[in-house]
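As structure tokens, the structure follows; a few thoughts come after it.
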Amino acid sequence: MTDFAEPAEYADLRAAIREITMAHGSAEYAEHGRTCTPMSGLWNDLGKAGFIGINVPAEFGGGGAGMAELAMVAEESAAAGCPLLTLLVSSAIGVEVLNRHGSPQQKQAWLPRLADGGTKVVFAITEPDAGSNSHRITTTARRDGDDYLISGQKYYISGVDEAAAIITVTRTGVDPLTGKAELSLFLVPIDAPGLSWNRLEVAAQIPDRQFTVFYDDVRVPATALIGAEGQGWLPLFDGLNPERIAAAAIAVGIGRYAVDTAADYARSRNVWGQPIGAHQAVSHPLAKAKIQVELAALMTAKAAWLYDNGQAAGEAANMAKYAAAEAAVAAVDAAIQTHGGNGLSVEYGLMPLWGMARLLRIAPVNSEMVLNYVAQHTLKLPRSY
Ligand SMILES: Cc1cc2nc3c(=O)[nH]c(=O)nc-3n(C[C@H](O)[C@H](O)[C@H](O)COP(=O)(O)OP(=O)(O)OC[C@H]3O[C@@H](n4cnc5c(N)ncnc54)[C@H](O)[C@@H]3O)c2cc1C
């Protein structure tokens, strides 16, 4: 029998994350979104309490837990009004890739620093001319003695200004049998010579900033390679699944926040002699959003369980990310509509959440590519592209 009751320690964990996040709150988040400045105060507080590095193994000073617990950090902070994008890249991809595929030296050097959140790593795969098709990336790494030289360009890379290193996906060759790109991942220190970046402004009110990153013959030692040269697809997917699970968890949290906030408002706002929540045109979208968010939460928990138990998690992680992002957008939209004019006000803080929810339908993978994945891999339908 599947046990759906969360153990008591999870309730305590959720409460502790919530308490820390509430001390900062949605108004602070909205202000950071408006000014495009990272929520360092909340990040540091969660880090000191051990939540940012909750999935870092205990031997490296972390919480020794897994994706299920990291997803709770992502969900609860978002449900308290503060969705943290950097959890996706630093805690989910960074920690999981380094822990599963990093060399002993890389783990020793980086995991203890990631454990308290004092250090962040970010992740760069997206390129202007490749988009969703990672096979087309042209950022290249070539061997030069004991080093590699990396050349190319990435864009929409989040949090470069906060990071100590960028996990960079490069092309190091072409598979002679399939003709597909052979990928290699490198941990590129932010101060590596030849690395530069420009701010890429986005209109969505998100605290973390995005950048175009230029690699101009960036020299890194061969020890910066994560895993084996040309075998980058494995660590890549081991990083993308946690990223999708964390993204799903953030979206579930946003959905919960939106539905709860709107239900509160609909219970108290009275314009025709009864609360607006008595009108089904108001209550049904919220009820529907609640159902979608709860369903997405179940799939997110399943995906995290599969990943933590060493089972194939790609399908569930994709489904969770899809369902949660769609649910979050619908929930925030219903919440805005429920608030009427106040839905657009600065005071009620819903528009910044709309930006983040809307982003999650596009990144880290767009909803259409998830549907493609399910059509091809789950339903065995022919590929259209
Ligand atoms: C705020 C923000 C932060 C980001 N942070 C990062 C980061 O930290 N690191 C990183 O590497 N990237 C990051 N990204 C990039 C993000 O992951 C990509 O934008 C996303 O994967 C989609 O790629 P694209 O923009 O090139 O879209 P494209 O590939 O150009 O696709 C455009 C649209 O076309 C449709 N489409 C494309 N291909 C297909 C297909 N085969 N079938 C059906 N429809 C299709 C989809 O609707 C898609 O949304 C970020 C993006 C944003 C906006």
Side-chain angles (χ1 to χ4, degrees), residues 32-33 36-38 83-94 97 120-139 150 152-171 183 185-188 190 197-215 232 235-237 239-244 246-248 250-251 254 317-318 321-322 325-326 328-329 352-377 379 381-385:
H32 280 270
C36 240
T37 48
L84 294 171
L85 190 62
T86 321
L87 285 173
L88 259 69
V89 279
S90 196
S91 302
I93 298 191
V97 165
K120 296 174 194 165
V121 298
V122 293
F123 177 71
I125 185 169
T126 306
E127 297 184 7
D129 295 329
S132 309
N133 186 355
S134 306
H135 295 282
R136 286 185 58 184
I137 65 166
T138 55
T139 296
I150 302 175
Q153 183 184 335
K154 303 284 182 183
Y155 80 160
Y156 284 109
I157 308 309
S158 298
V160 174
D161 56 340
E162 306 167 52
I166 308 176
I167 294 179
T168 304
V169 183
T170 69
R171 167 190 286 260
L183 302 184
L185 271 59
F186 289 90
L187 191 60
V188 179
I190 206 72
W197 54 90
N198 287 339
R199 177 95 181 268
L200 202 172
E201 304 241 6
V202 300
Q205 295 176 23
I206 303 167
D208 299 289
R209 302 179 181 123
Q210 278 65 48
F211 297 87
T212 303
V213 182
F214 304 95
Y215 300 77
L236 183 57
F237 282 114
L240 294 183
N241 286 334
E243 186 189 39
R244 284 167 198 183
I250 289 181
I254 292 173
N318 272 298
K321 150 69 180 69
Y322 176 92
E326 299 294 325
V329 171
L353 289 182
W354 189 83
M356 180 66 95
R358 194 63 190 76
L359 163 66
L360 291 171
R361 285 189 70 219
I362 294 168
V365 58
N366 59 61
S367 290
E368 291 75 16
M369 290 311 291
V370 176
L371 293 177
N372 287 336
Y373 178 96
V374 173
Q376 289 154 31
H377 296 276
L379 304 179
L381 295 172
R383 184 176 168 146
S384 70
Y385 56 95

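Positions are given from 1, in the same order as the sequence printed here. In each ligand, atom 1 is the first atom listed, and ligand 1 is the first ligand listed. Every heavy atom of this structure was used, including side-chain atoms; hydrogens, water molecules and symmetry mates were not.
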Distance filter under 4.0 Å to [X] heavy atoms, resulting ligand 1 atoms:
X	result
N366	22 (C), 46 (C), 48 (C), 49 (O)
M369	38 (N), 39 (C), 40 (C), 41 (N)
Q210	1 (C), 2 (C), 3 (C)
I157	7 (C), 8 (O), 9 (N), 10 (C), 11 (O)
N372	40 (C), 41 (N), 42 (N), 43 (C)
P364	17 (O), 21 (O)

How close does the nearest protein non-hydrogen atom get to [atom], and which residue and atom is it?
atom	value
atom 53 (C) of ligand 1	L359 CD1, 3.5 Å
atom 15 (C) of ligand 1	T126 OG1, 3.3 Å
atom 30 (O) of ligand 1	G131 CA, 4.5 Å
atom 13 (C) of ligand 1	Y156 O, 2.8 Å
atom 45 (C) of ligand 1	E368 CB, 4.2 Å
atom 20 (C) of ligand 1	I362 O, 3.4 Å

Less than 4.5 Å apart, any side-chain heavy atom of [X] and any of [Y]?
X	Y	value
I166	K154	no
Y373	V365	no
N198	F214	yes

Between the side chains of [X] and [Y], is a donor N or O closer than 3.5 angstrom to an acceptor N or O?
X	Y	value
R361	N366	no
T168	Y215	yes
Q153	T212	no
T86	D208	yes

What distance separates S367 OG from I362 CD1, expressed to the nearest 0.5 Å?
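Between atom OG of S367 and atom CD1 of I362 there are 8.5 Å.
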Could you grab the distance from atom CG of D161 to atom SG of C36, nearest 0.5 Å is fine?
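These two atoms lie 9.5 Å from each other.
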Is [atom] near the protein, in the sense that some protein heavy atom lies at less than 4.0 Å from it?
atom	result
atom 43 (C) of ligand 1	yes
atom 28 (P) of ligand 1	yes
atom 48 (C) of ligand 1	yes
atom 1 (C) of ligand 1	yes
atom 34 (O) of ligand 1	no
atom 25 (O) of ligand 1	no

Does the N or O separation between [X] and ligand 1 drop below 3.5 Å for any pair?
X	result
S132	yes
V202	no
S158	yes

Given the rule in the side-chain hydrogen bond (donor to acceptor under 3.5 Å, both in side chains) test, do T138 and D129 qualify, once you have shown the distances and angles that lead to the verdict?
CA-CA 8 Å; T138 55; D129 295 329; 6.0 Å; no
Minimum heavy-atom distance between I157 and T126, given as atom pair plus value:
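In terms of heavy atoms, the two residues are closest at CD1-O, 4.3 Å.
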List the steps, then state whether side-chain contact (heavy atoms from CB on, under 4.5 Å) holds for T170 with L183.
CA-CA 6 Å; T170 69; L183 302 184; over 6 Å; no
Might you confirm whether atom CH2 of W354 has over 12 heavy atoms from other residues, nucleotides or ligands at distances under 6.0 Å?
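It does not: W354 CH2 has 12 such atoms or fewer within range.
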